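This report refers to the structure that appears directly beneath it.
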There are 2 protein chains.
Amino acid sequence: MGNSVSINILRQSGIFKVLDDNELRDLEKIARERRLVAGEAIFWEGEDADRFYIVAQGKIKVTKLASTGKEIILSFFGPGEIFGEAAVFEGKPYPASARSASAARLIGFHKDEFLDFLQQHPQVALRIVALLSGRLREAQSRLRDLAGERVEQRLARMLLMLSARLGSAIPFTRQELSEMSGTTTETTIRILSQWRERGLIRSTRGKIVILDEAKLRLLAEGPPQI
Amino acid sequence: MGNSVSINILRQSGIFKVLDDNELRDLEKIARERRLVAGEAIFWEGEDADRFYIVAQGKIKVTKLASTGKEIILSFFGPGEIFGEAAVFEGKPYPASARSASAARLIGFHKDEFLDFLQQHPQVALRIVALLSGRLREAQSRLRDLAGERVEQRLARMLLMLSARLGSAIPFTRQELSEMSGTTTETTIRILSQWRERGLIRSTRGKIVILDEAKLRLLAEGPPQI
DNA sequence: CGCCTATTTGAAAACCGTCAAAGTATGTGG
DNA sequence: CCACATACTTTGACGGTTTTCAAATAGGCG
């Protein structure tokens, strides 16, 4: 089942960087591969959290539903990134739903098996602590944005954050951007259209390219001072 | 310096429950006590994170500033609770500012000393993983609320969350509630006044008591269906 | 080519923030 | 113990940002 591929993905995943080849082979023994077509459910909010995953290929979307029926995107994950781990380590149900946003390949770890592994490799626990700390930092930054910034600033910050992670070509639709930024598709379109007219961005269906990062950064810092 | 007091606080702090008395005494050796009057700064956003704290007495407010100058309250911490730890474990500057909301007593741990301790007590690392996972869950729940719910729903959810943690008497001003919920003082007052007229809450200066939790829970789930 | 989804635009209204002013508890110092 | 300062609470009016609803256009995939 493509062992060598798995090991390479595990190696680049951040929390397993501290493991040597022997330890990685141990880890691989408890890894299970899973292939998904686009739009397939991985887990649902409220479901018992017995597994977490590392993305080997593709894009995964993690969402929560608001009482209005609005779907909020909490995060996207790409190759090498981990998701579902917090629920597993807290021993509570998944707090959000996950599904593939494209065809994808995942590496899954079962809770009990992984906790055993963790007992024998305490240095991995410290890497997980750092990972979760980073996630928390990002969540708090977004909380600040959602609670204190206007829509235009939120969108500018979201694009800048995405381009820092993914490069200047940002592979998201306006609907996805709006669900990440806590606004509506229409408002997102109106603002991005304006930015395109001003030469800040270029865009095709489902993809946005930042042309003038400096101006976008100014916008992100506050309303344009007349 | 009040050793026995410190040990009792450490014991009730969640992440140190797994330690026996000997280990707690080792931990106490690297603990430093700090006393604060109300409104004193503990650390500032952007400052190098070399310490984290456990609250022994009092109430601590952790905030972030929006570009508009609006102050957003990320969280409040009371006795037994830990704060500042994520930045320390990630090795990055504090992502938010902390100050006392009342007279307070803190127990501080220095980064390097604590990391040494952690090396020798790996089971604590797992407790920290669980703690951070819980924080992340809460942050994501609030992200959903801020991104997808209206102000009235957000306030209802905030009150319910606070009362679940603190009991039905909620010791916060309307300004604090608004800064936690991503709205303004005036809007918070208007909504709480309406709730008071309808008998959902009772309130004195700086304190709110939930009278009808069931109705509040209904409100939190969506706009009142006419 | 046709279907599905993404993008676009417009108009109206709702929600909420902003600004201004006044009233009311709390505690401090004289 | 009272007066005063301070911070919290309250109310009203207004306006702006953003959502909502509706309908049309356009791009990509089978």
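On a predicted model such as this, the values are computed, not experimentally measured, just so you know. Reminder, nothing fancy here: chain letters follow the sequence lines and each chain counts from 1.
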Sugar-phosphate only, base, or nothing, as touched by Thr185(B) at under 4.0 Å among non-hydrogen atoms: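 Nothing, no nucleic acid heavy atom in range.
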
Sugar-phosphate, base or nothing in reach of Arg174(B), heavy atoms under 4.0 Å: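 Arg174(B): backbone/sugar contact only, no base atoms under 4.0 Å.
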
Phe172(B) ring center within less than 6.0 Å of Phe76(B) ring center: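 Yes.
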
Exam field: side chain Ser102(B) to backbone Gly58(B), donor-acceptor pair closer than 3.5 Å: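 Not at all, since once roles are kept as given, no pair shorter than 3.5 Å links the two residues.
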
Donor-acceptor contact below 3.5 Å, side chain Arg174(A) vs main chain Glu186(A):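 Checking the backbone N and O of Glu186(A) against the side chain of Arg174(A), no donor-acceptor pair under 3.5 Å is found.
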
Side chain of [X]: nearest nucleotide among [options]?
X         : options                  : value
Arg205(B) : dC8(D), dT18(D), dT11(D) : dC8(D)
Thr184(A) : dT18(D), dT20(D), dC8(D) : dT20(D)
Ile189(B) : dG10(C), dT18(C), dT9(D) : dT9(D)
Val151(B) : dT19(D), dA6(C), dC16(C) : dC16(C)

Phosphate-side-chain proximity, Thr187(B) and dG17(C), N/O vs OP1/OP2 below 4.0 Å: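 Yes, within the criterion.
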
dC16(C) OP1/OP2 closer than 4.0 Å to side-chain N/O of Arg154(B):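 The answer is no; no side-chain N or O of Arg154(B) sits under 4.0 Å from OP1 or OP2.
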
Whole-Å gap separating [atom2] ([N]) and [atom1] ([X]):
X         : N       : atom1 : atom2 : value
Glu186(A) : dA13(C) : CD    : C1'   : 14 Å
Glu179(B) : dG17(C) : CD    : P     : 13 Å
Glu176(A) : dT5(C)  : CD    : P     : 14 Å
Gln194(A) : dT18(D) : CD    : C1'   : 14 Å
Phe172(B) : dT9(D)  : CZ    : P     : 13 Å
Leu146(A) : dG17(C) : CG    : C1'   : 17 Å
Arg196(B) : dT10(D) : CZ    : C1'   : 9 Å
Leu177(A) : dT18(D) : CG    : C1'   : 17 Å

Glu221(A)/Arg157(A) under side chain to side chain contact (heavy atoms under 4.5 Å, CB included): CA gap, chis, key distance, verdict: CA-CA 8 Å; Glu221(A) 283 315 314; Arg157(A) 284 157 184 248; 4.0 Å; yes

Whichever of Thr173(B) and Arg150(A) has its nearest DNA chain D nucleotide further upstream toward 5':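 The residue closer to the strand's 5' end, by nearest nucleotide, is Thr173(B).
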
Flag if over 12 foreign heavy atoms under 6.0 Å of NZ, Lys59(B):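 More than 12 heavy atoms, drawn from other residues, nucleotides or ligands, come within 6.0 Å of this atom.
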
